[in-house]
Amino acid sequence: NAGVTQTPKFRVLKTGQSMTLLCAQDMNHEYMYWYRQDPGMGLRLIHYSVGEGTTAKGEVPDGYNVSRLKKQNFLLGLESAAPSQTSVYFCASSYLGVEAKNIQYFGAGTRLSVL
Amino acid sequence: GENVEQHPSTLSVQEGDSAVIKCTYSDSASNYFPWYKQELGKRPQLIIDIRSNVGEKKDQRIAVTLNKTAKHFSLHITETQPEDSAVYFCAASAALGLGSQIIFGKGTRLHILP
């Protein structure tokens, strides 16, 4: 049981390049999330999904797209990377359960630098 | 939408003393308040949480209190130890039929001084 796995762990891009970050979870969770973490800004929600085939915008969605074609995978795409997207990206998954607690299980993060 | 304010942004306490981190939230529909700890270079992990129908919850040296009327909740760490040094995030969530977002505070960097 690996939990939440993110690939890659590190990536350097040039401005204008595209890339996809992959998040995979093996806990059969319904909900999945992508956050970015910047110094002094906490964790800001980019996009999230409440089930296979669904996606929704979070707090900072501009410049990103997502897809949830399979329940266990949630992909984050950058079509044309910009230096402002330099950040650490965390994926998380959760389920509400009986007590309706939205406990987030985080991946190890992807450190992205855009030059 | 929900807005979570967290204070202070940095906190230094002597080892063995207590630390208190405070958060406020804006959406009265929020009913779940977790706290996450993030050690340097690691992922955030849940350390304690509280539901809106409870005023206080304790787990060994950590406790969380909630004042639903004032929309305040706080994390209390007693008898602090070096391993408590980390960034702590509060969060608020409202359980919705279509799934719920968690809104995080900006974090508090806690330093435990020897």
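Each chain gets a letter, A, B and so on, in the order its sequence line appears, and its residues count up from 1.
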Is it the backbone or the side chain of B/Pro34 that comes under 4.5 Å from a heavy atom of chain A, or both, or neither? neither

B/Gln45, part contacting chain A, at a heavy-atom distance under 4.5 Å: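 It is neither, since no heavy atom gets under 4.5 Å.
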
By a 4.5 Å heavy-atom criterion (distance strictly below it), what part of A/Gln37 contacts chain B: side chain, backbone, both, or neither? side chain

Using non-hydrogen atoms only, which part of A/Val4 is less than 4.5 Å away from chain B: side chain, backbone, both, or neither?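 The backbone, not the side chain.
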
Taking the six-membered ring for Trp, is the centroid-to-centroid distance between B/Phe33 and B/Phe73 below 6.0 Å? yes

Determine whether the aromatic ring centres of A/Tyr105 and A/His29 lie less than 6.0 Å apart. yes

Closer than 4.0 angstrom, basic N to acidic O: yes or no for B/Glu39 and B/Lys37? yes

May I ask you to say whether B/Lys22 pairs ionically with B/Glu5, meaning some side-chain N is under 4.0 Å from a carboxylate O?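 B/Glu5 and B/Lys22: not salt-bridged.
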
For B/Lys57, does the NZ atom sit with more than 12 other heavy atoms under 6.0 Å from it, leaving out its own atoms? yes

Contact summary for A/Gln6 and A/Phe90, nearest pair of heavy atoms: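 The answer is OE1-CA, 3.5 Å.
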
Listed partners of B/Arg61 passing side chain to side chain contact (heavy atoms under 4.5 Å, CB included), at least two apart: B/Ile77, B/Thr78, B/Glu79, B/Gln81, B/Asp84

In residues 72-81 of chain A, which residues are in contact with chain B at a heavy-atom separation under 4.5 Å?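 Heavy-atom contacts from residues 72-81 of chain A to chain B are absent.
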
Do A/Gln104 and A/Tyr35 meet the criterion of a side-chain donor-acceptor pair at a distance under 3.5 Å? yes

